[in-house]
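First the structure, in the form of structure tokens, and then the observations on it.
As the structure lists them, so they are numbered: ligands from 1, and atoms in each ligand from 1.
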Amino acid sequence: MTDAVKVGFVPLSTAPKGVLVVFTDESMKFGPASRKHLANAGDVVKRAAAAAEFKGKSGSALDILAPQGVKAARLIVVGTGKAGSVKDEDFIKLGGTATGKIGSNASAVTLVAELPGGAMKPHQAAALAVGARLRGYKFDRYKTKTKDKDKALVAQFSVAVADVAAARKAFTRDAHVANGVVLARELVNEPPNVLYPAEFARRAAQLRKLGVKVEIFDVKAMEKLGMGALLGVSQGSYHPGRMVVMRWNGASNKADKPVAFVGKGVCFDTGGISIKPAGSMEEMKGDMAGAACVVGLMHALAARKAKVNAVGAIGIVENMPDGNAQRPGDIVKTMSGQTIEIINTDAEGRLVLADVLWYVTQKHKPKFIVDLATLTGAILVALGTEYAGLFSNNDQLSERLSKSGDATGERVWRMPLGPEFDKQIDSKFADMKNAAGRWGGSITAAQLLQRFVDNTPWAHLDIAGTAMGAPATDINTSWGSGYGVRLLDHLVAQHYETKR
Ligand code: MN
Ligand code: ZN
């Protein structure tokens with residue numbers, strides 16, 4: 001892994017080092033500090049802009065090497081679109097865009113945190129820096145030879161700001177969240193021969209260093225709890241399954257009910273006996289992205305010492321075909337006592353979640369529970385890679401998640417639930433079956449989950465389209481996106497932390 005964008009903050013007036021990055025908009029004007037850097041450059045920018053037809057449009061940039069009269073080896077002017085159109089949620093993208101324009105050839109970068117209308121506020125400058133760090137991430141641990149174009153940007157970023165202390169403070173908090181995102185990406189990107197359930201559990205256990213209590217349940221412990229659905233999925237694998245429960249108790253009242261997050265962690269999903277076709281099967285190493293998000297989120301909450309009690313629980317298994325693998329037709333008994341007929345062994349995520357959701361609702365009695373899972377291909381058909389599917393039994397929680405989605409750019413779109421869908425998973429031989437017909441496949445999957453949350457306010461995020469293999473964005477070029485960490489951190493920060 002390379003996470004090599006080092007960020008520091010300096011006063012706005014500091015002389016630039018290395019690559020100088022300034023921002024403009026379609027007015028093609030600059031803020032006062034940027035103007036000072038360009039004071040001796042004459043019409044260099046104007047002429048270069050004319051030659052490159054650069055007009056300050058959002059996402060565009062002008063790159064000038066060895067600009068005359070500028071104390072920097074290279075000048076990059078980044079466009080932000082229509083004057084005054086930059087919103088709070090855009091600064092992280094702006095930092096990512098700027099970093100993307102730099103490429104891999106820079107050791108020092110000075111980023112002037114200023115728009116033509118004036119200096120960025122501390123939280124905006126911090127977001128800019130976070131965008132730079134997230135964009136700078138590359139997963140290259142397994143490349144022994146690196147071509148130039150694949151080289152990671154390794155650079156010291158000096159973000160020039162109006163209020164150094166305030167920006168530094170905001171960034172310190174946000175950097176913990178960014179580290180959580182990187183941790184989630186890292187787990188998703190790891191190959192499945194490296195990241196099998198026991199290894200995943202070991203990595204989650206590292207959170208102990210941050211004061212998180214981590215309990216690891218092995219097969220025996222889960223048998224004792226009666227988790228027949230999770231264990232049925234995992235029984236065909238050489239690597240035994242695990243459940244990991246992480247607890248962060250940061251609220252001032254330790255007896256406060258916790259918020260809870262549950263993640264699907266299928267370290268590799270072959271489909272089992274209902275085996276998948278070979279094409280793109282390698283991507284099923286990412287079928288644990290929900291669990292990765294929960295671990296990344298718990299990292300973020302603990303590292304920034306969030307004033308909340310939070311539980312993160314993940315079911316981690318491998319779904320393999322084997323002489324001992326479960327069959328279509330098998331009936332398993334869940335921890336809740338309800339039975340499930342296996343129709344398709346590739347609909348395994350809901351089986352894993354059924355037991356973990358039930359465990360968390362019964363054992364921890366949370367205020368609410370949000371689960372994340374790369375659950376269905378059907379959600380890609382419905383929503384593509386821009387939105388995660390949101391299913392919920394609670395309007396308030398849904399609305400809060402939607403707002404946090406808009407604020408972080410990790411967007412969700414609410415999908416329906418209802419009795420007419422629920423009855424589609426009734427089974428001839430058991431209480432329910434794990435697969436219904438083709439239509440509304442994401443919904444019937446969510447209906448099964450709902451049977452395991454009691455009356456707990458609950459939301460299910462189907463992240464099959466957003467967590468892995470989504471197109472590169474301003475802040476991510478790696479395969480695993482780390483989707484959900486910033487979304488849920490924002491949700492917690494906005495609504496569930498005790499006031500200081
Ligand atoms: Mn599957
Ligand atoms: Zn799966």
Side-chain angles (χ1 to χ4, degrees), residues 187-188 190-192 195-197 200 227 229-237 239 241-243 262-294 314-322 325-330 332 340-357 371-382 385 388-389 391 425 432-438 440-449 452 460-470 479-480 483-484:
L187 291 166
V188 174
E190 280 283 23
L195 196 80
Y196 47 88
F200 198 148
M227 295 187 153
L230 183 153
L231 291 167
V233 175
S234 127
Q235 75 189 27
S237 172
H239 293 292
R242 296 280 188 275
M243 175 172 73
V262 165
K264 167 184 173 183
V266 177
C267 294
F268 194 76
D269 182 13
T270 63
I273 296 300
S274 314
I275 198 162
K276 291 174 185 291
S280 306
M281 201 205 270
E282 72 282 1
E283 300 203 334
M284 285 299 107
K285 71 173 185 175
D287 208 17
M288 32 53 73
C293 172
V294 171
I314 56 178
I316 35 187
V317 301
E318 229 180 30
N319 187 22
M320 301 294 269
D322 177 82
Q326 80 178 352
R327 293 150 289 249
D330 282 6
V332 295
I340 307 178
E341 180 191 6
I342 309 302
I343 300 296
N344 186 324
T345 63
D346 195 12
E348 84 300 339
R350 64 201 73 178
L351 300 169
V352 172
L353 290 170
D355 278 333
V356 181
L357 284 169
D371 79 73
L372 304 101
T374 49
L375 206 61
T376 66
I379 204 66
L380 276 136
V381 178
T385 57
F391 302 81
I425 57 167
M432 67 196 92
K433 55 188 178 185
N434 80 328
R438 239 185 109 208
S442 303
I443 305 171
T444 47
Q447 291 293 165
L448 188 140
L449 302 183
F452 295 88
H460 156 59
L461 301 177
D462 194 334
I463 59 171
T466 51
M468 57 183 184
W479 187 74
Y483 177 95

Closest Asp269 atom to the Mn ion (ligand 1) [N, O or S only]: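 Atom name of the closest N, O or S in Asp269: OD2.
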Euclidean distance, [Y] [atom2] relative to [X] [atom1], rounded to 0.5 Å:
{"X": "Asp355", "Y": "Leu231", "atom1": "CG", "atom2": "CG", "value": "7.5 Å"}
{"X": "Glu341", "Y": "Ile425", "atom1": "CD", "atom2": "CD1", "value": "12.0 Å"}
{"X": "Ser237", "Y": "Asp322", "atom1": "OG", "atom2": "CG", "value": "8.0 Å"}

Nearest N/O/S atom of [X] with respect to the Zn ion (ligand 2), by atom name, please.
{"X": "Asp287", "answer": "OD2"}
{"X": "Glu348", "answer": "OE2"}
{"X": "Asp269", "answer": "OD2"}

Whether Lys264 has an N, O or S atom under 2.8 Å from the Zn ion (ligand 2):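 Here the distance criterion (N, O or S atom, under 2.8 Å) is met by Lys264, so yes.
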Degrees at the Mn ion (ligand 1) between the OE1 atom of Glu348 and the O atom of Asp346, nearest 10°: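 Rounding to the nearest 10 degrees gives 70°.
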Which atom of Leu375 lies closest to which atom of Ala445, heavy atoms considered: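 Distance-wise, the nearest heavy atoms are CD2-CB, 3.6 Å.
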All side chain to side chain donor-acceptor pair (under 3.5 Å) counterparts of Asp287, not counting sequence neighbours: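 Applying side chain to side chain donor-acceptor pair (under 3.5 Å) to Asp287 gives Lys264, Thr374.
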